[in-house]
Amino acid sequence: MTGQVRTVDGRVAGRRGQATRQKLLDCLSEMLSSSPYRDVKVIDVARKAGTSPATFYQYFPDVEGAVLEIADGMAKEGAELTDLVAGRSWVGKSGWAAAEELVDGFLSFWRRNDAILRVVDLGAAEGDKRFYKIRMKILNAVTNSLTESIEELQSRNKVDKEVSAAAMAGSIVAMLAAVAGHQKGFQSWGVKQAELKPNLALLVHFGVTGKKPTK
């Protein structure tokens, strides 16, 4: 990243400046885990990072600008979700393994990034196109590959051609995102994580293949 990171006024940040900038982002991420997004103030982030608000404003225009930086980095990590689906076989026992690994990987990604994803969802719901694009970038990483998987099954006459691959893939991913964002809520219903994963995988497998899984 050396030579690539710039301050708000366009100056290239040196190694020390980059370290300060990253510390501010790390402190903000930590604060988002314990405080509502709207309650986080520049002065609090700067104080936690051991620096001043003036230093914060050298690197970010405001808290929202810094949050978008964190969200963009998270979205780039989310692109790796493609690997959970791309090139996987959904036939026989391989199909059940693919469903299980997709569910496990998706839920794990959401748990790791829970705080920033809540902010992204809030921004997207309020119509902020910047947050909406980030959210779709994450979801598209899975949706596009899943669409291809269903189309491949259709080409082999293993899934009814009347099924819209894109609609089915999008519905599955939307369901995964909703469940992933509600993981703590399942506990209030008496559902344990160990019970959630296989049942969610069952729904994913049936959605992709239209068949009961071979375990």
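The figures here come from the full heavy-atom set of this structure, side chains too, leaving out hydrogens, waters and symmetry mates.
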Exercise. Given E126 and R38, is the salt bridge (charged side-chain N to carboxylate O under 4.0 Å, His left out) satisfied, shown in steps?
Worked result: CA-CA 13 Å; E126 292 180 343; R38 305 296 189 198; 2.6 Å; yes
Exercise. Is there a side chain to side chain contact (heavy atoms under 4.5 Å, CB included) between I138 and M74 once you walk through the steps?
Worked result: CA-CA 9 Å; I138 297 165; M74 179 265 302; 3.3 Å; yes
Exercise. Checking salt bridge (charged side-chain N to carboxylate O under 4.0 Å, His left out) for the pair R47/D44: CA distance, chi angles, key distance, verdict?
Worked result: CA-CA 5 Å; R47 184 181 294 123; D44 299 321; 3.3 Å; yes
For this session: Starting from the C-alpha separation in whole Å, work towards a yes-or-no answer on side chain to side chain contact (heavy atoms under 4.5 Å, CB included) for L153 and V91.
Result: CA-CA 9 Å; L153 289 170; V91 178; 4.0 Å; yes
For this session: Test R21 against Q58 for side chain to side chain contact (heavy atoms under 4.5 Å, CB included), laying out the working first.
Result: CA-CA 9 Å; R21 182 179 185 277; Q58 284 182 23; over 6 Å; no
For this session: Check the pair E77, R112 against side chain to side chain contact (heavy atoms under 4.5 Å, CB included), reporting the backbone distance first and the verdict last.
Result: CA-CA 11 Å; E77 178 191 343; R112 285 197 311 275; 2.8 Å; yes
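Other residues sharing a hydrophobic cluster with L202 under the 4.5 Å side-chain heavy-atom criterion for ILVMFWY residues are W96.
A distance of 10.0 Å separates CG in L117 from CD1 in I134, rounded to the nearest 0.5 Å. With rounding to the nearest 0.5 Å, the separation of CG in L24 from OG1 in T51 is 6.5 Å. Taken to the nearest 0.5 Å, the CG atom of L200 stands 10.5 Å off from the NZ atom of K197. With rounding to the nearest 0.5 angstrom, the CD atom of Q154 is 12.5 Å from the CZ atom of R156. Atom CG of residue L102 and atom OG of residue S149 lie 9.5 Å apart, to the nearest 0.5 angstrom. Atoms CG and CZ, on L28 and F56 in that order, are 6.5 Å from each other to the nearest 0.5 Å.
Within a 6.0 Å sphere centred on NZ of K161, other residues, nucleotides and ligands contribute more than 12 heavy atoms. Within 6.0 Å of atom OH in Y132, 12 or fewer heavy atoms from other residues, nucleotides or ligands are found, so the atom counts as exposed in its surroundings.
In plain terms, the two heavy atoms of A201 and A99 that are nearest each other are O-CB, 3.6 Å. The nearest pair of heavy atoms linking V159 to V208 is CG2-O, 3.5 Å. Scanning all heavy atoms of the two residues, the minimum distance from I150 to A169 falls at CD1-N, 4.0 Å. The nearest pair of heavy atoms linking G78 to A141 is O-CB, 3.5 Å. When every heavy atom of M168 is checked against every heavy atom of G207, the shortest pair comes out as CG-O, 3.2 Å. Considering all non-hydrogen atoms of both residues, A194 and P198 come closest at O-CD, 3.0 Å.
Note on W189: it clusters hydrophobically with L203, by side-chain heavy-atom contacts below 4.5 Å among ILVMFWY residues. Connection of M175 to F206 is not established within any shared hydrophobic cluster, with ILVMFWY side chains joined at heavy-atom distances below 4.5 Å, either directly or through further cluster members.
A salt bridge is absent between E152 and K158: the closest approach of a Lys/Arg side-chain nitrogen to an acidic carboxylate oxygen does not fall below 4.0 angstrom.
Proximity of F131 to E64: side-chain heavy atoms (C-beta onward) are separated by under 4.5 Å at one or more points. Between K192 and Q187 the shortest side-chain heavy-atom distance does not fall below 4.5 Å.
Checking side-chain atoms of S94 against main-chain N and O of W90 turns up no donor-acceptor pair under 3.5 Å. Side chain of N113 to main chain of F109: a donor-acceptor pair is present (N/O by atom type, distance under 3.5 Å, no hydrogens or angles). For the pair H205 (side chain) and K211 (backbone), a donor-acceptor distance under 3.5 Å is present. In this structure a side-chain-to-backbone donor-acceptor pair under 3.5 Å is missing from D128 to A124. Looking only at distances, no side-chain donor or acceptor of S145 sits under 3.5 Å from a matching main-chain atom of V142. When atom types are taken as modelled, the side chain of D114 and the backbone of W110 share no donor-acceptor pair closer than 3.5 angstrom. Using a distance-only test at 3.5 Å, with no hydrogens or angles considered, a donor-acceptor pair links the side chain of S33 to the main chain of S29. Distance alone, capped at 3.5 Å, places no donor-acceptor pair between the E101 side chain and the V85 backbone. For the pair K48 (side chain) and M31 (backbone), a donor-acceptor distance under 3.5 Å is absent. Between the side chain of T147 and the main chain of T143, a donor-acceptor pair closer than 3.5 Å is present.
The closest side-chain donor-acceptor pair between D26 and Q22 falls under 3.5 angstrom.
Classification of the H182-F186 ring pair by plane angle, with boundaries at 30° and 60°, yields perpendicular.
Not counting sequence neighbours, the partners of Q193 by the side chain to side chain donor-acceptor pair (under 3.5 Å) test are Q183.
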